Amino acid sequence: MNKTDFLNILKEKVLIMDGAYGTELQKRKYLDDVNMAEELNIKYPDRISNIYADYINAGADIILTNTFSANSIKLKQYGLINKANDIIGNSIDLIKKISKNVIIAGDMSSVGEYIEPLGPLCFDEVYEAFAFQVKILKKYGIDILVIETMTEIKETKAAILAAKDNFKGAIIVQMTFSKDGVTSTGTSLNSFIALCEGLGVDVVGLNCSIGSKDLSRLIKILSKDTYLPISFKPNAGVPILINKTTYFPETCKTFLNSCLKAYSYGANIFGGCCGTNPKFIKTVANMLKNKLPKKRLANEKYFLSSRINAIDINKINRPIMIGERINPTNRKELQKELMKENFVSVKDEARSQVASNVTLLDINMGVPGIDEVKLLKNAIIQIQEIVNVPFCIDSSNVEALNEAIKNYAGIPIINSVNGEQNKLETIIPIAKRYGTKLIALTTDQFGIPDTAEKRLNIAKRIIGFAKKFDFEIENIIFDYLVLAVSSSQKQIRETLRAMEMSKTIYPKCKLVLGISNVSYGLPNRQILNSTFLKMAIKSGLDFAIVNPHMNWNTYNKLAENLFKNGTAVDMDNYISNFSAFKKCTKKCEDKKLPINKQLYLAILNGSYENIKEIVGEIIKFEINPFKLVNEVVLSALEVVGKKFSSKEFFLPQIILSAKAAQIAFSTVKASLKRKCSSDSKKIIMATVMGDIHDIGKNIVIAVLESYGFEVIDLGINVDAKTIINKAKEINPIVIGLSALMTTTMPEMETVVKLRNSMKLSAKIIIGGAAVTKEFANDIGADGYACDAMEAALYVKKLF
Amino acid sequence: MFEIKISYDELLSRLGYLKTKTKIKQNLLNVIVEIINLANKLFAPKVAIAFSNDILINDVVFLNKKFKIKSDNIKQLLNNCFKVYGIFVTVGKALDDKIKDFGKRREFCAAAILDAAGSVAVEKVINIVNLKIKNYENKNGNILTRRYSPGYGDWKLESNKDFYNWVGAKKIGIILNDFYQMKPEKSISALIGVTKNYNTMD
């Protein structure tokens, strides 16, 4: 069945999908003797056939293949990757044997782990895992694809792209939401719609896990914002596991009532998720099968989205502000940070622009001589988790754009393409593939045309290429480019005129301008920028790329005259009026401090990002840098310790200060090529045997390292023999032992006894949630520390 | 499945923050907010419950004639109880994995904050379950004892194995290691008794 046929059926009648497999397999005890449900397809095919047949007999039009987890990641985990063809192929053949009339839907779901930064997987790994599955599903003959029970938007994106790249039939995508209409990873219903519509999904839907009543309420919201057909596949209520049995509270009747509600809101496909069974499906089929779907009118919208939110640009007052401050051009300090992949300032800038009410953030990582592909991708991954606004991804590097957009959890704007043929032919397909909006500059290899008409000619060429690549023209945002009024007075009028003409000729295309260019080289740029912005809005401007921290409410008549008329008199009038204007510059107090004070404050505040630079300065100018760093760091740490004792500081601050101090020591040591002597300042740390907790141990290690000690971390669940053997080998001054559980504390005594029998000189210090000073005394440990600072103080006292 | 979100104040309190004394710098505040957002995306709470009306207290406590608890503390706790609930809760593996990931990358501050977030969340989950059971039993005129977990007092952690099997915690993805500790680490197991006797503590 091709896509058009399927979508035509959906226009004519309601289709019934099958019900649950997992819970039904459990209930029938079919999962005995298999590692994963998909293994049944080859090991006990009759069991799967039984369920298929029951759902077909119940009236299901669409049967999902038993391949929910048959992606390459899961199959590898269960040692079944070599049987993938048989598992997936059989799942399809079994349906075909039962009925030739049902629609066979290849079923896919999560790979079980998140994509970075939420989890360990990278986007491409997940894409490949899904692509592997789709190719086999297609090979054995499915009609449609269903991606279901998704909870994370980036994984959903990977699945959709893998599906679209390898299968031409209709694709249904269903995510799982809480009662509030948010996935467990924070994605809203609208953000889900934005992604699905942007990527060209054919049917959107909701399935699992909040029960049919609440899910039908979400269908009502969904149906108002999408023009796509909708599938509704709820579970039979929120389950509870009691006495090893999973109970689902809903009955066929309550489930049907919710389906009828969802039908009234315009849902097209009805099935069941966990806890449903053939009776549920039969009940629904009896009432809804083949009914004419309810007509609905979805809102006209223009979505841009992030992981969390989708913003309907049509509902926002003009101009829509795009923050331009994440851009290292002419910012040397920021460039230095980005060279080290330090995103602290960039994250701060993202937060502060959002606080200044931008609707979108422009992200540009164009640092000369840097690997922009990697940097832009990592910047996107990091920044998108700390702010909720959509991004405008800004690069002229095609590969960097592609990687960044792929790793973006939503629908962004690409900034930008221009009228050059090679650019159009490479960037429009990227925009098409990822469903993004696209800023198109009306310039080309010959530069910026001098008249509005010539710029519109380039716009026409861009529209032509968009049509060639089947890229919807309403996704194009034209930039008619504004030049500095100081050098090109007449150009301002041409820009505004081009915008007005564009709104008439291409009313579907929105308009953007980078506003700050206009004031370049003149005093009081804020007045010029703000005045020009107001004029541009009157000419139809939709988006303004701006510094949001400026005051955009100012207006000046002299500035307006300059833009409107652009005569020498206007220029003189403006300059003479504002020549005395002085720009406010932000003072950087810390830079004025002596270098040792800067180091001291950095340690105290836990500002580790600039430590290497500060210590670098010390190394350059001090005769004995190690002595100075040592003195400053230890005095700062002493204050940190006191503040911790007085509760002015709490645990995270200690760790940050420790990290800063550790970087200071390692930097100065590395520069002096001074290695620690082999036996004087080494410490062994371990969580004792039987205990798997390592967070406390790790914090102690961080603080000890901050005092310049070399710490050898033996890890968790370490037996006494291993600890003592290591101590014999490296002769540490201290062995630090950690245990969280009362049950594992006795192992500490074993270590102490073994140390004594081996007559090693290393002191043993112990700590952990359940450990006490008395216990330390009882077992013959040399010391006890209730926290990391106390451990460091104990070790320090040994000198 | 149900949703669980933790707040900034809950996390700060867990980390040892004192409103009247502790001063947080902006850089740390940003990190904490970032980690809360991350944590709230990673929580995937699950609950397994078992109950038994078949309690026999002799030298040891027998539930359903099979599950044996050797603990004077439990005997005392369940004295006068006619019903016992066993509960396992977890906030899921993704959180554990991320804490480990931070540790591997030596981002100990982020690891410590996320670890604390997990502790707050898992306690919140078991408190919610506890409250639901309490409300249910109160309706029938019953009251609950306090919660008690393997590893407390004289109830040995080794008991967690039989307790785990009785409740069926495997079904919610909890694994017990050779030392009877649970994975994901942010999991809690506990027992609650039900009594009519108002002298028994709640």
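Order of the sequence lines fixes the chain letters, A, B, ..., with proteins taken first and strands second; residue numbering starts at 1 for each chain. If you're wondering where the values come from, they're calculated on a predicted model, not measured in any experiment.
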Atom group of [X] that falls short of 4.5 Å from chain B, counting heavy atoms:
{"X": "P120(A)", "result": "neither"}
{"X": "Q653(A)", "result": "both"}
{"X": "L651(A)", "result": "both"}
{"X": "K347(A)", "result": "side chain"}
{"X": "N235(A)", "result": "neither"}

Relative to chain A, which segment of [X] carries a heavy atom at a distance below 4.5 Å: side chain, backbone, both, or neither?
{"X": "N40(B)", "answer": "backbone"}
{"X": "I32(B)", "answer": "side chain"}
{"X": "K156(B)", "answer": "neither"}
{"X": "D101(B)", "answer": "neither"}
{"X": "N165(B)", "answer": "backbone"}
{"X": "L15(B)", "answer": "both"}
{"X": "K25(B)", "answer": "both"}
{"X": "K170(B)", "answer": "neither"}

For chain A, which of [options] has the most heavy-atom pairs under 4.5 Å?
{"options": "C109(B), A94(B), G168(B)", "result": "C109(B)"}
{"options": "I24(B), I87(B), L95(B)", "result": "I24(B)"}
{"options": "T20(B), N30(B), N37(B)", "result": "N30(B)"}

Which residue out of [options] racks up the most heavy-atom pairs below 4.5 Å with chain B?
{"options": "L118(A), N243(A), T185(A)", "answer": "N243(A)"}
{"options": "P117(A), G696(A), A770(A), G186(A)", "answer": "P117(A)"}
{"options": "T743(A), I692(A), I386(A), T187(A)", "answer": "I692(A)"}
{"options": "T151(A), I654(A), I655(A)", "answer": "I655(A)"}
{"options": "D691(A), V344(A), T183(A)", "answer": "D691(A)"}
{"options": "L241(A), T245(A), I242(A)", "answer": "L241(A)"}

Test log, rule side chain to side chain donor-acceptor pair (under 3.5 Å), inputs Y152(B) and N73(B)
CA-CA 9 Å; Y152(B) 284 6; N73(B) 296 142; over 6 Å; no
For the pair D162(B) and K68(B), evaluate salt bridge (Lys or Arg N to Asp or Glu O under 4.0 Å) and give the outcome as yes or no after the intermediate values.
CA-CA 8 Å; D162(B) 291 338; K68(B) 190 169 69 175; over 6 Å; no
Output field: ring centroids F88(B)/F163(B) closer than 6.0 Å =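 Aromatic pair counts; centres sit under 6.0 Å.
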Q.
In this structure, is the centre-to-centre distance between the rings of F51(B) and W166(B) below 6.0 Å?
A.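 Ring-ring flag for W166(B)/F51(B): false, centres at least 6.0 Å apart.
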Between [X] and [Y] (salt bridge meaning N to carboxylate O under 4.0 Å), is one present in this structure?
{"X": "D154(B)", "Y": "K70(B)", "value": "no"}
{"X": "E648(A)", "Y": "K21(B)", "value": "no"}
{"X": "E137(B)", "Y": "K132(B)", "value": "no"}

Notebook entry, point to check: Below 4.5 Å, heavy atoms only, C-beta onward: do L28(B) and P652(A) meet side chain to side chain?
Noted result: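 Sidechains of P652(A) and L28(B): in contact.
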Margin query: Tell me whether the NZ or CZ atom of K98(B) lies within the 45° cone about the ring axis of F102(B) and under 6.0 Å from its centre.
Written below: yes
(request) Answer yes or no for K643(A) and F649(A): cation-pi contact, defined as NZ/CZ to six-membered ring centre under 6.0 Å and angle to ring axis within 45°. (result) yes
query: Taking atom types as modelled and ignoring hydrogens, do the side chains of R146(B) and N130(B) form a donor-acceptor contact shorter than 3.5 angstrom?
result: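 Result is no, nothing qualifies.
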To the nearest 0.5 Å, tell me how far F248(A) CZ sits from K27(A) NZ.
->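 Here the rounded value is 10.0 Å.
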Given the rule in the salt bridge (Lys or Arg N to Asp or Glu O under 4.0 Å) test, do E705(A) and K659(A) qualify, once you have shown the distances and angles that lead to the verdict?
CA-CA 8 Å; E705(A) 284 180 342; K659(A) 183 170 180 175; over 6 Å; no
